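Written out below as structure tokens is the structure these notes cover.
Every chain is numbered from 1, with letters handed out A, B, ... down the list of sequences. As the structure is a computational prediction, the values presented were derived from the model and not from experiment.
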Amino acid sequence: MTRYDPKAVEPRHRARWEAADTFRADSASGKPKYYVLEMFPYPSGAIHMGHARNYVMGDVVSRYKRAQGFEVLHPMGWDAFGMPAENAAMERGVHPADWTWSNIAAMRDQLKLLGLSIDWSRELATCDPAYYGRQQALFLKLFERGLAYRKESLVNWDPVDNTVLANEQVIDGRGWRSGAMVEKRKLTQWFLRITHYADDLLEGLKTLDRWPDKVRLMQENWIGRSLGARLTWRWAGEAPAGFEDGLEVYTTRPDTLSGASFLGLAPDHPVAELLAKDDPELAAFLTECRKGGASQAEIEQAEKIGRDTGLRVQHPFDADRAVPVWIANFILSDYGTGAIFGCPAHDQRDLDFARKYGLPVPPVVLPPGADPATFEVGTEAYVGPGVIFNSDFLDGLEVEPAKAAAIARLEAQGQGEGATVYRLRDWGVSRQRYWGCPIPIIHCEACGPVGVPHDQLPVELPRDVTFDQPGNPLERHPTWKHTACPQCGGQARRETDTLDTFVDSSWYFARFADPHADAPINGAAADFWLPVDQYIGGVEHAVLHLLYARFITRALADQGLMKVREPFAGLFTQGMVVHETYFEGRDESGKPRWVEPADVRIETVDGKRSATRVSTGAALSIGDIEKMSKSKKNVVAPQEIVDAYGVDAGRLFVLSDSPPERDVQWTPGGIEGASRFVQRAWTEFDSFAPGAPADPERDIVLRRETHKTIKAVTEGVEGFRFNSAIARLYAFLPILRQHAGAGGEARLEALSAFARLIAPFVPHLAEEAWTRLGQPGMVVDAPWPSFDPALAADELITLPVQVNGKRRAEIQVPPGLDPAEVETRVLADAEVRSKLEGLTIRKVVVVKDRIVNLVAG
RNA sequence: GCGGACGUGGCGGAAUGGUAGACGCAGCGGACUUAAAAUCCGCUUCCCCCUGGGAGUGUGGGUUCGAGUCCCACCGUCCGCACCA
């Protein structure tokens, strides 16, 4: 009997897999394909527990599907562009490329240590010209199709990172990476026309039945389709120059048109800007409006302010009625038409505004039961159902029919039509950064923006750049941006913006199909491998990466580059690895002085936990359980765990203690428990001996348990309930031990099934066990064990017998026994009869193989 | 404000509408040991008049023979969106 030494065993089996090139995916194998992908990591320099959990989950799926007979594609790459590399350059003077590539090398080694079943021959990095050059080719295709375009717009400007951010990257008014308050700036930027696919992206969600509802709902809300009407208000009196046709507004409540008391324009509305040209006071007001506009929290608190422009428009249903046109800070310029009609009685914002400026509040929807003669709106707008009144031809209609009637009238008058509007905005992809994919465009005075010719791709980043001052190093580079126009040959300027790194991650899954192909995407390979059958990553990308990738996939499919329109058939969003925090008092500013877990000893006395600092003996406070982060020092590095317990124990623990979609709390006790399992499992394998002769009568018990375990573990892995699957594996150990005396054949059946069942979770141990059991080849190539349904069922099952819903007795019956027969046996049972004394049975409920309930009184 | 998810022992968590608390951690008891560690075995929701019985899945109601699970209301926690007309 030898103690299992993971440090000696694990590298040996990794070497065997590597030598056999076990995980190379081969599209010609003839097997059905299965593509498993985890969101690729940013190469920060070190693998943390969150990475480990993510990749181990993917690995479980990958190994399980291999065993099920699938040809599995499970690749790895690096999302390698981005700010941290530039920060490192600024702080430490190291070149972003060197920093990134050395991080990749370090992280690759750390990942390999985890024993992941990855096809490393497909590794790619987005910062490799071989990758981003092809991305430039894809960008040019989008440019040719009008899906990439330039426009001047107000953008989210991150003053710390000195760059533009997409709407999706602004969280609570702050940059998603820097945390700085975002400002509004007007810049000319590149956009990708994601709105072209708004409806398709929304409809496509319905087909993603293996995505979490939560993510689908988040995308649905983000796309934000709303149905309403667009209508034009004609001028009453003089029209501003260039806007003679009138003012167009968007509304979802055309039924309340008669309740309009003003028109509102966004401060950036062209009419507002036109008027401001000759009106310094108005110009000052517009500036005032923009000022508060940065933070969402501020917006919420912000006072509604407005100004009457003096312009008047005619009500579309009553030309004699003149309605004033205001400019108001709460109207968004980039939603709908940037103009609204205000109906204060039935919209809270409009009501707040009307009350402040003394505008009328005519009600037009009468709540059920209200008196039309006296109904008034006070400080709360009425937004519920009701009957339209005070509205001429709409009077008496319910809200929905009234909307239809109003739209019909507008259409008849040629003043409007039903319209669908989306909350989704086009994706701004220009970044004023160095460490990203250069946008392959040349700006020519004469020809405008011209795509870089294909034979000049990739447009490579120049290496000789400086990071000693803020701003874009590409812009400062002495020569790089100067070039000739590909069309006229004249002097021209290279685009110095680079692409948002989310573009890089919007097609990498397709590149993995053939990462060495000359074309950006090898169509045949992509058609074979895509879609990704199981994608795994954090829920934080629900509306960023996952929406962009769906968009780009559609755009590329429409250019004929591949067939699938949905890149990820199955999505799983995994939880984080969290850890308790510890601190020793607080500093002057009130911040806790964090202490790393390695320096903490926990004691439990009378149920109360207390923490002590090992190095100093100081008493510590126990803080919240939070995501592992360097700032709170509650980090446990995978490397430490591998050194102390081996890879398998670590893999097992991150999956065992919580459902995969939920956070898992790292605890010293938990990893100890996982490690104990590895040791005890090995003891069972290692004690295997040909053993006793078969005795069907005796061996059947172990065989039944074996098949029940196969069934339960299979269902657990299949349903992404890894924690439950592992619990069943834990529970199988004592069974193996109790049946040590079983016949050699039954025991080998049990142990060989056990080795294959644990293989996805603890692959190294499984290989060692496989060898110890004398099985041929490697367990990684062995088929998944199947179970015999007859054996997986119990020979006798215990049915609880309830009286009036309370458990009073139990009875043993063979499974599948006819309910009538169960009833007869239950009623004949002595114990049952004693519980029924003095009662009359009114009803007997027998649920086959489940329960008996006697209703008596 | 709108939308969504979730509330189960000391802790993480199990339970196709059918024996609530699997499995792990922590705790307690025992075996082995000169001793400790490691290992192994057992106990461990709470309460009581303890060979048994009662209560129990955030609170209150409802549906059902039967509810942790389904429905309604409330409380709490977390997540997303947030002046989107």
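- To the nearest whole angstrom, the two C1' atoms, one in B:C46 and one in B:G21, are 13 Å apart.
- Rounded to whole Å, atom P of B:C23 lies 18 Å from atom CZ of A:F653.
- The same atom, P, is picked in B:C83 and in B:C6; the two are 28 Å apart, to the nearest Å.
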Inset, instruction - Give the B/S/- string for nucleotides 41-53 of chain B, one per nucleotide from 5' to 3', where a protein heavy atom under 4.0 Å of the base yields B, of only the sugar-phosphate yields S, and otherwise -. - result: S-----------S
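- Between B:G56 and B:U45, the distance separating the two C1' atoms is 8 Å to the nearest Å.
- When only modelled atom types and interatomic distance are considered, A:T581 and A:E626 share no side-chain donor-acceptor pair under 3.5 Å.
- Across the protein-nucleic acid pair, A:I305 atom CD1 and B:C83 atom P stand 15 Å apart, rounded to whole Å.
- As rounded to whole Å, 14 Å separates atom C1' of B:G80 from atom CG of A:D213.
- For the side chain to side chain contact (heavy atoms under 4.5 Å, CB included) test with A:L424, the passing option among A:L202, A:L547, A:D199 is A:L547; the others fail.
- Taking for each of A:I340 and A:D663 the nucleotide of RNA chain B with the nearest heavy atom, the 5'-most of the two is the partner of A:D663.
- A gap of 7 Å separates the C1' atoms of B:C28 and B:U44, to the nearest Å.
- Contact check, A:R423 against B:A82: a side-chain N or O comes under 4.0 Å of OP1 or OP2.
- Residue A:S226 places at least one side-chain N or O under 4.0 Å from the OP1 or OP2 atom of B:A85.
- Annotation: side-chain hydrogen bond (donor to acceptor under 3.5 Å, both in side chains) contacts of A:Y250 (sequence neighbours excluded): A:S226.
- For the C1' atom pair drawn from B:A55 and B:G68, the interatomic distance equals 16 Å after rounding to whole Å.
- Distance alone, capped at 3.5 Å, places no donor-acceptor pair between the A:N221 side chain and the A:G224 backbone.
- Within 4.0 Å of A:G224, counting heavy atoms only, lies no atom of the nucleic acid at all.
- Residue order along RNA chain B, read from the 5' end via each residue's closest nucleotide, puts A:G673 first among A:G673 and A:D350.
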Strictly under 3.5 Å: I want the nitrogen or oxygen pairs between protein and nucleotides 3-5 of chain B, one per line.
none

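- Spacing between atom CG of A:N804 and atom P of B:U64 amounts to 16 Å, rounded to whole angstrom units.
- Atom CG in A:L544 sits about 13 Å away from atom C1' in B:C81, given to the nearest Å.
- Within the 4.0 Å cut-off from OP1 or OP2 of B:A85, at least one side-chain nitrogen or oxygen of A:Y335 is found.
- A donor-acceptor pair under 3.5 Å is absent between the side-chain atoms of A:Y645 and the main chain of A:D648, judged by distance alone.
- Backbone-only contact: A:T252 has heavy atoms under 4.0 Å from sugar-phosphate atoms and none from a base.
- Look at A:R721 and A:E715 and you find no salt bridge, because none of the NZ, NE, NH1 or NH2 atoms lies under 4.0 Å from a carboxylate O.
- Taking atom C1' in both B:G17 and B:G54, one finds a spacing of 25 Å when rounded to whole Å.
- Taken from CZ in A:R423 to CD in A:E220, the straight-line distance is 12.5 Å, to the nearest 0.5 Å.
- Taking a 4.0 Å limit (strictly below) on heavy-atom distances, residues 710-718 of chain A does not reach RNA chain B anywhere.
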Each nucleotide N or O in nucleotides 14-20 of chain B that has a protein N or O under 3.5 Å away: list the pair and distance.
residue	atom	partner	partner atom	Å
B:A14	OP1	A:N723	ND2	3.1
B:U16	O4	A:R850	NE	2.9
B:U16	O4	A:R850	NH2	3.4
B:U19	O2	A:R807	NE	3.2

Inset, instruction - Would you sketch RNA chain B in dot-bracket for me? Only Watson-Crick or G-U wobble pairs with both distances under 3.5 Å count, crossing pairs as [ ], other-strand pairs as |, the rest as dots. - result: (((((((..(((.....[....))).(((((.......))))).((((...))))..(((((..]....))))))))))))....
